[in-house]
A.B. asks: 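Quick one: structure below, then a few questions.
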Amino acid sequence: MYSRWYKTLVTVPPLAWVILFLVLPYLLLFSYSFFSVRSGTIVHHGTLANYSTLLHNPMYVSVLLRSLRIAAIVTVLSLLLAFPLAYYVSFHAGRRKDVLYQLVIIPLWVSYLVRAYAWKTILGGGGVLNALLQHLGFSPASFLLYSPFAVVLTLTHIYTPFAFLPLYASLEHIPRSLIEASTDLGASSWRTVRTVVLPLALPGAIAGATFAFVLSLGDFLAPLLVGGPSGLMISNVVVSLFGAAYDWPLGAAVSLCMLLLVLAIVFAAGRLEKRYGLS
Amino acid sequence: MLEVRAVSKSFGATPVLRSVSLSVARGEFLTILGESGSGKTTLLRIAAGFERPGEGEVWMDGTRIDTLPPNRRPLNTVFQHYALFPHLSVFENVAYGLRASRAPRADIALRVEQALEQVHLTGLDTRKPSQLSGGQQQRVALARALVNHPRVLLLDEPLSALDATMRRRMQGELKALQREIGISFVLVTHDQEEAMALSDRIALLHAGTLEQIDTPAALYRHPRTAYAAEFIGRTNLLRGLVRNHTATAGPFIWPLDSPDGEALFSLRPEHIRFSSAGAPPGAVRFEASVADRLFQGSAVLLTLQCPGGLRLTARVPDPAPPAGAHSFEFTPDDVVRIPVPAG
Amino acid sequence: MTAPLPASRAPRWLTLFAFAVFLFLYAPILTLIVYSFNGSSVGGFPPANWTLHWYRLLASDDALWSAVLNSLAVASAAVVLSLALGLPAALAFDRASFPGKALFRRLVLLPLILPGVITGLSLLMLFATSGLKLSLFTVGLGHGTALISVAATEIYAGLQKMDRRLEEASLDLGATQWRTFWRVTVPSLALPLLAAALLVFTLSMDEIAVSFFLVGRDNTLPLEIWSRLRRGITPEINAISTVVFAFSLAAVLLWYRIRRLGPAESSL
């Protein structure tokens with residue numbers, strides 16, 4: 001029904017734009033990762049030195065492992081918070097359903113920076129939590145801010161709504177007659193959740209987990225704000241290599257590894273989702 | 001004027017239309033009748049230009065049109081569920097085609113008003129489609145198509161969204177409108193009663209094949225396939241033989257001038273009646289017991305248990321005699337021979 | 001979305017748990033708001049000496065206001081750019097077929113899941129290589145490009161809900177494809193387009209990772225806040241945050257209303 005002209009006109013501009021402003025930059029990233037820096041200028045000459053640095057300098061490996069660990073913990077925590085919440089809103093909220101749904105997505109829109117910063121004011125040495133502790137007669141706790149713990153807490157706060165959205169959508173798509181059928185057949189509500197709701201919500205859980213994992217893995221603000229030196233993550237390394245350290249090629253190599261890691265995770269999640277989704 | 005020539009169409013590996021040919025005469029009301037999945041809507045969409053034929057051509061008044069985009073074809077469509085533009089008023093919906101063809105401004109207002117009058121819908125110009133009843137939306141859809149003076153109007157199940165009373169009323173109006181403006185209407189429907197009531201001719205489509213194209217009466221009286229016989233009205237299909245000018249089917253034997261061979265016979269329920277003294281000569285008589293009865297208002301539908309295990313359906317006037325064995329008869333002239341399908 | 005059902009009674013622990021999660025999501029923001037009215041500049045508990053002092057400071061903060069204006073300009077540019085490319089992209093997803101379409105689609109949506117840092121620095125390399133000077137212009141270019149993904153997703157969801165027969169009716173009535181596009185397709189997509197614009201605008205106003213790499217001398221609002229944060233916590237930042245929060249809240253409520261007007265379902 002749509003003419004060849006029409007199809008060409010809607011395809012070519014975005015395609016050209018994407019090639020120019022997404023594909024080309026990624027290719028540049030790729031090629032930069034084989035360059036090197038000598039006395040403050042970038043040498044456009046192929047070398048694998050950057051990748052060998054990544055492998056042999058324990059700093060990079062340990063930051064990457066720490067990032068993966070933090071992202072994994074954040075993912076698990078987000079799911080543990082988001083699933084009961086989504087279940088509650090979808091199945092038990094009744095008339096308040098819309099309001100509660102909005103209450104979960106509002107934080108998604110509210111300045112990311114503001115929310116990360118809020119944790120800094122709460123956890124900090126002179127912060128609200130310590131002031132409260134003192135007010136109640138306890139001694140202030142210094143481990144709160146500038147630790148991996150603070151990073152995990154902040155990222156979980158930020159990415160729980162991301163995990164919530166696909167979970168909620170998949171719960172909403174479960175026909176209520178299935179729940180009724182399960183109850184009718186004598187299953188307890190716990191059993192119904194385990195044997196009907198959870199399996200059907202699995203694709204949503206996978207999508208939610210992917211969002212939480214990938215986004216927290218690449219985060220660079222929260223670690224800088226609340227992480228301190230022991231809470232730095234892989235993106236912070238990239239930022240410092242592109243900034244103060246002025247080693248773009250090494251930074252490009254780190255980014256490229258991160259990019260491939262993210263793509264692999266998304267690809268694997270897509271496969272899983274397909275496998276557990278309703279065919 | 002509109003002519004479909006050997007059109008075939010497949011969606012993926014599924015054939016939807018198999019070499020369908022038909023032509024619509026000037027001022028004719030032609031109905032494409034078929035069950036869902038028969039390909040009738042696809043045929044209409046090919047004529048309108050929303051689908052391309054896989055093979056075959058579409059012609060109109062000596063011009064080939066299947067290569068033209070829909071906006072350059074001299075026909076208009078009334079869509080199923082109407083497809084009225086929700087963001088435009090009734091007036092703007094009807095004026096849409098005129099504006100697209102850059103008709104003069106003064107002309108537009110006049111023609112829109114005329115079209116709306118034609119479908120008996122005035123005073124609602126500024127309403128939005130969502131503020132109209134189903135019947136009113138139907139009228140807007142008609143006016144929106146007719147205002148462009150198409151040479152052929154295509155109607156895709158236009159009445160299916162209406163309730164039974166409204167549908168009967170619109171059927172009457174549709175027929176009157178078509179007579180009044182005198183252009184060809186091509187209607188797609190799955191409702192055989194609607195097709196019988198409205199059409200000059202009916203094209204019966206089954207599994208992508210054109211079974212028969214005929215006037216409603218001819219289609220009813222002389223079905224050429226078993227499918228046509230069973231789809232149009234109710235019938236008793238009897239398997240039998242013709243040999244030496246004699247037809248045999250189950251327990252019945254009657255003289256028939258027809259070539260020898262296997263045959264299917266269609267005997268309409270209303271052609272079976274209780275035997276009477278004044279039966280025409282040559283009537284076939286038989287004894288049967290009434291196994292079941294279905295009250296239908298003016299008539300009763302009887303299930304007859306005949307000798308040899310054969311079951312027939314008969315339609316007799318109410319009140320019918322009580323259950324039990326009775327004598328029935330039919331006239332051989334009312335039996336239609338249908339060729340046995342190959343295989 | 002299913003019609004609201006009568007609430008079946010939830011187990012008490014579940015209700016409490018849900019309440020606790022809401023508390024976790026909102027407590028930090030509420031704390032910020034409360035402390036933006038706190039008279040003492042070092043925090044402490046409980047907050048004391050309620051004041052509007054920090055808001056008055058804001059009103060006369062020229063650097064902050066110019067950052068706000070910069071962000072508004074960048075966000076507007078991002079909206080125009082992402083819609084101008086996101087609409088055809090969504091139409092192409094829906095209607096065109098060409099080799100590599102699946103790949104094209106993934107590429108468009110990639111910035112949704114890729115860390116902003118990577119999008120930002122790869123664009124930085126492009127601009128550095130092509131000799132384009134960093135400025136608000138490059139930030140807008142970056143935001144617009146990254147957010148095509150959001151616009152296309154939102155518009156595509158709207159297209160799926162759109163009645164295809166409307167376009168057929170338009171063509172049937174003799175309108176050209178061009179006319180059909182402007183008179184039927186775009187008006188039918190008005191709500192998704194509006195929702196997409198609002199979403200892109202808000203995300204751009206808040207964006208920091210891409211801006212971080214592409215910004216020139218003029219700061220955007222988040223970067224301005226960021227640079228002040230690094231100098232230390234002041235209640236003035238609480239006040240800024242509260243104002244930003246109020247605006248985001250208004251935006252999300254508006255967006256949600258637009259969504260509810262149309263049949264579009266959440267896609268993000």
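Per chain, numbering begins at 1; letters A, B, ... match sequence-line order.
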A.B. asks: Flag the one option from C/Leu87, C/Val108, C/Ile208 with the top tally of heavy-atom pairs under 4.5 Å to chain A.
C.D. replies: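 Among C/Leu87, C/Val108, C/Ile208, the one with the most close pairs to chain A is C/Ile208.
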A.B. asks: Taking the six-membered ring for Trp, are A/Tyr101 and A/Tyr168 closer than 6.0 Å centroid to centroid?
C.D. replies: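 Yes - the distance between ring centres of A/Tyr101 and A/Tyr168 falls below the 6.0 Å cut-off.
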A.B. asks: A/Gln102, A/Arg4, A/Met258, A/Arg115: which one forms the most heavy-atom pairs within less than 4.5 Å of chain C?
C.D. replies: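 The candidate making the most pairs under 4.5 Å is A/Gln102.
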A.B. asks: Side chain of A/Ser90, backbone of A/Ala86: donor and acceptor closer than 3.5 Å?
C.D. replies: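 No; zero donor-acceptor contacts below 3.5 Å.
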A.B. asks: Heavy-atom distance under 4.5 Å to chain C: side chain of A/Tyr112, backbone, both or neither?
C.D. replies: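 Contact with chain C is through both the backbone and side chain of A/Tyr112.
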A.B. asks: Heavy-atom cut-off 4.5 Å, strictly under: side chain, backbone, both or neither for A/Val12 against chain C?
C.D. replies: neither
A.B. asks: Please classify the contact of C/Leu32 with chain A as side chain, backbone, both or neither, using a heavy-atom distance under 4.5 Å.
C.D. replies: side chain
A.B. asks: With only heavy atoms counted, which part of C/Leu110 is less than 4.5 Å from chain A, the side chain, the backbone, both or neither?
C.D. replies: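 Side chain only.
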A.B. asks: Heavy-atom pairs under 4.5 Å with chain A: which of C/Ala92, C/Ser248, C/Pro115, C/Ser122 has the most?
C.D. replies: C/Ser122
A.B. asks: For each of C/Val244, C/Val117, C/Leu171, C/Thr119, tally heavy-atom pairs with chain A at distances under 4.5 Å, and name the one with the top tally.
C.D. replies: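 Highest number of pairs under 4.5 Å: C/Val117.
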A.B. asks: Ignoring hydrogens and angles, tell me if any N or O in the side chain of A/Ser255 forms a donor-acceptor pair with the backbone of C/Ile118 under 3.5 Å.
C.D. replies: no
A.B. asks: Do you know the tightest heavy-atom contact between C/Leu249 and C/Val252?
C.D. replies: O-CG1, 3.1 Å
A.B. asks: Looking at A/Pro14, A/Ala118, A/Ala252, A/Ser3, which has the largest count of heavy-atom pairs under 4.5 Å with chain C?
C.D. replies: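 Counting heavy-atom pairs under 4.5 Å, the top option is A/Pro14.
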A.B. asks: Where does C/Ala90 contact chain A at under 4.5 Å (heavy atoms): side chain, backbone, both or neither?
C.D. replies: neither
A.B. asks: For C/Phe93, which atoms come within 4.5 Å of any heavy atom of chain A: side chain, backbone, both, or neither?
C.D. replies: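 It is neither, since no heavy atom gets under 4.5 Å.
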A.B. asks: Under a 4.5 Å cutoff for heavy-atom pairs, which residue among A/Val18, A/Val266, A/Leu81, A/Asp219 has the most contacts with chain C?
C.D. replies: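 Looking at each option in turn, the highest pair count goes to A/Leu81.
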A.B. asks: Counting heavy-atom pairs under 4.5 Å with chain A, which one of C/Leu91, C/Ile148, C/Leu14 comes out on top?
C.D. replies: C/Leu14
A.B. asks: So, for A/Phe30 and A/Phe34, is the gap between ring centers shorter than 6.0 Å?
C.D. replies: yes
A.B. asks: Side chain, backbone, both or neither: which part of C/Trp226 has an atom under 4.5 Å from a heavy atom of chain A?
C.D. replies: both
A.B. asks: I need the minimum non-hydrogen distance between C/His143 and C/Val210, along with the two atoms involved.
C.D. replies: CD2-CG1, 4.2 Å
A.B. asks: C/Thr180 versus chain A, heavy atoms under 4.5 Å apart: side chain, backbone, both or neither?
C.D. replies: neither
A.B. asks: In terms of heavy-atom proximity below 4.5 Å to chain C, should A/Leu215 be classed as side chain, backbone, both, or neither?
C.D. replies: side chain
A.B. asks: I'd like to know whether CZ of C/Phe247 has more than 12 heavy-atom contacts from other residues, nucleotides or ligands below 6.0 angstrom.
C.D. replies: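 Atom CZ in C/Phe247 is not packed in, count stays at 12 or less.
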A.B. asks: Quick one: which of A/Leu263, A/Leu113, A/Leu100, A/Val214 has the most heavy-atom pairs under 4.5 Å with chain C, could you say?
C.D. replies: A/Leu113
A.B. asks: Contact part of A/Leu80 toward chain C, heavy-atom cut-off under 4.5 Å: side chain, backbone, both or neither?
C.D. replies: backbone
A.B. asks: Roughly how far, to the nearest 0.5 Å, is CD1 of C/Ile33 from OG of C/Ser241?
C.D. replies: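 That separation rounds to 9.5 Å.
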A.B. asks: Determine whether the aromatic ring centres of C/Phe19 and C/Phe22 lie less than 6.0 Å apart.
C.D. replies: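 Between C/Phe22 and C/Phe19, which both carry aromatic rings, the centre distance is not below 6.0 Å.
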A.B. asks: Pairing donors with acceptors under 3.5 angstrom, does anything connect the side chains of C/Glu167 and A/Tyr2?
C.D. replies: yes
A.B. asks: Side chain from CB out, backbone as N, CA, C, O: work out which of these in C/Leu221 comes under 4.5 Å of a heavy atom of chain A, or both, or neither.
C.D. replies: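 It is neither, since no heavy atom gets under 4.5 Å.
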A.B. asks: Considering non-hydrogen atoms only, spot the tightest contact between A/Ile234 and A/Ser67 and give its length.
C.D. replies: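 It is N-OG, 2.9 Å.
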A.B. asks: Just by distance, do the side chain of A/Ser31 and the backbone of A/Leu28 share a donor-acceptor pair under 3.5 Å?
C.D. replies: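 Yes.
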A.B. asks: Which one of A/Leu256, A/Thr210, A/Leu221 has the most heavy-atom pairs closer than 4.5 Å to chain C?
C.D. replies: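 Among the listed options, the one with the most contacts to chain C is A/Leu221.
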A.B. asks: Is there a donor-acceptor pair closer than 3.5 Å between any side-chain N or O of C/Lys101 and the backbone N or O of C/Ala96?
C.D. replies: yes
A.B. asks: Which region of C/Thr145, side chain (C-beta onward) or backbone (N, CA, C, O), has a non-hydrogen atom less than 4.5 Å from a non-hydrogen atom of chain A, or is it both or neither?
C.D. replies: both
A.B. asks: Between A/Trp5, A/Phe242, A/Tyr87, who has the most heavy-atom pairs with chain C when the cutoff is under 4.5 Å?
C.D. replies: A/Phe242
A.B. asks: Does C/Glu168 come within less than 4.0 Å of C/Arg164, counting only side-chain N to carboxylate O?
C.D. replies: no
A.B. asks: With only heavy atoms counted, which part of A/Phe21 is less than 4.5 Å from chain C, the side chain, the backbone, both or neither?
C.D. replies: both
